2 protein chains.
Amino acid sequence: MWRYATRMGSKSSYHHGDLRRTLLDQAALLLREEGEKGLSMRALAARVGVSRTAPYHHFKDKEDLLCAIATEGFRRFIGVLSLESADLSETNVRQFVHSYLGFAISNAEYYDLMFGSQLWKSGSVNEALRQEAQASFRFYLEQVRDWQRQGKVNNQLDPLRYAQVSWSALHGMCRLLIDGIYLDPGSMGPMCDEAGSMFWRELQAGRQAGKAPASGPGAQRSSH
Amino acid sequence: MWRYATRMGSKSSYHHGDLRRTLLDQAALLLREEGEKGLSMRALAARVGVSRTAPYHHFKDKEDLLCAIATEGFRRFIGVLSLESADLSETNVRQFVHSYLGFAISNAEYYDLMFGSQLWKSGSVNEALRQEAQASFRFYLEQVRDWQRQGKVNNQLDPLRYAQVSWSALHGMCRLLIDGIYLDPGSMGPMCDEAGSMFWRELQAGRQAGKAPASGPGAQRSSH
DNA sequence: CGCCCGATTTTGACAATGTCAAGATGTGGC
DNA sequence: GCCACATCTTGACATTGTCAAAATCGGGCG
């Protein structure tokens, strides 16, 4: 556990001293500027002013780098999620939807990694990333459960199902917006309101039609 | 407009005779078997038993091929969408949700292309693909408008907003399920029901809280 | 019946990329 | 002052997308 040049700024040519941090930041910048295709290990190394294989001493491979960026994204994201702790109201729920989409849109390069198929589908998610991700969903779910315990939402509602479906709606809007499918930026505001109202109504009404709340496995390793 | 070997099966080594069709099918198979990373132009050509650049005489480049596959996916998809023309009921809405997710899950290799960022975000969508995609959303939107005209859903509801939000929820569930984020296959059934009920409630209740239905630009080129 | 044009396929080639192996170069602790 | 080791570099290789030029085949036209 030894640091070489803890002071940044003084480039000693060899031994960058702060390479890992710099790589993470510049990679995110590259992603934002040039998109996913613009981020290659070699381009990143060149941008940072280091040889092509230098990054491999800080990240096992490219996916490891991406996981690290995604993990940082989740840290920031959780900050946004935990904003709305005030009491529950329709305006509040709407506001939350706005916040979620706001983060996703203005940090699209992070959001794409955090919830993109690139990392998740190929099963190459870090353990750190997986935990950070689970934490954010669990946080959301716990909030719903708290509301229910406090009698603020209908008792009939299955918190897990509601959390899953509402999160899906949020995620779906982000994806369609970011990818430019069906939705255009102009309809973002009204959509957030519509979604917020729908969520609100669901929270108040709960499920009425038949079928006792199922108890099967819920979200991965976060049921119960 | 001349066909060489219209009869399939007789390989004349040169002049495959049905290459475009074969490429589309085998590419989809490759995707399903090995995932996105497994589909390379060269691997595909090898699998079909043809030289590496042969496919380029049928598709401008790789993205063109992917667009073609996605377009076929939309054709099949629209068939699924148009199933539920019966009268509107909660069971029916739930059934629709099941159908949507059912298609997406069991045709994930198509769904990923149809609604994946790979094609849409890089702005490399075919004109054919774009139209097919718009058609499917417009179809969905028109159905909601019909319901409203027939007095089956609340008059206060803004069909466009509802269509956008509910479609987002459907899409979000598919993405989270397919990518294995938060949702596991076991919770698919209950989630569909929860979502269906939420949609149903929204259709019946409409928006009640303030704000006259906005009239801004809706989905790309499908407002009005 | 045979030739020719053009559709189709192939071989050769090149640049970009991810990543490994071996060597070079510093740094702090002894 | 020296050594172990983290850090960085150069060299190399396989894979991939794709272009250019050459080879090959088939049907319509003479």
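Quick note on labels: first sequence line is chain A, next is B, and so on, each numbered from 1. It should be emphasised that the depicted structure is a prediction, and the values quoted were computed from it without experimental measurement.
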> Rounding to a whole Å, what distance do you find between A:Arg47:CZ and C:dA16:P?
Replying inline: 18 Å
>> Output the rounded distance in Å from CG (A:Leu19) to P (C:dT25).
In response: 19 Å
> Quick one, which residues of residues 38-45 of chain B touch DNA chain D with a heavy atom under 4.0 Å?
Replying inline: B:Ser40, B:Met41, B:Arg42
>> List the residues meeting ring pair (Phe, Tyr, Trp, His ring centres under 6.0 Å) with B:Phe74, not counting sequence neighbours, and say none if there are none.
In response: B:Phe115
>> Holding to salt bridge (charged side-chain N to carboxylate O under 4.0 Å, His left out), I want the full list of residues that pass it with A:Lys62, two or more places apart in sequence or in another chain.
In response: none
> By side chain to side chain donor-acceptor pair (under 3.5 Å), which residues pair with B:Glu109, not counting sequence neighbours?
Replying inline: B:Arg32
>> Just the rounded figure in Å: distance from P of D:dT16 to CD of B:Glu34.
In response: 11 Å
> Does B:Leu65 reach the side chain of B:Leu24, with side-chain heavy atoms less than 4.5 Å apart?
Replying inline: yes
> With sequence neighbours excluded, what pairs up with A:Asp25 under the salt bridge (charged side-chain N to carboxylate O under 4.0 Å, His left out) test?
Replying inline: A:Arg21
> Considering residues at least two apart in sequence or located in another chain, which fulfil the side chain to side chain donor-acceptor pair (under 3.5 Å) criterion with B:Ser51?
Replying inline: none
> For residues 52-72 of chain B, which residues have at least one heavy atom under 4.0 Å from DNA chain D?
Replying inline: B:Thr53, B:Tyr56, B:Asp61, B:Lys62
>> Once salt bridge (charged side-chain N to carboxylate O under 4.0 Å, His left out) is applied, do any residues pair with B:Arg75, and if so which ones, sequence neighbours excluded?
In response: B:Glu132
>> Going by the rule side chain to side chain donor-acceptor pair (under 3.5 Å), which residues pair with B:Tyr100 if we only count those two or more places apart in sequence or in a different chain?
In response: B:Tyr111, B:Trp167
> Which whole-number value in Å describes the distance from B:Arg20 CZ to C:dA7 P?
Replying inline: 16 Å
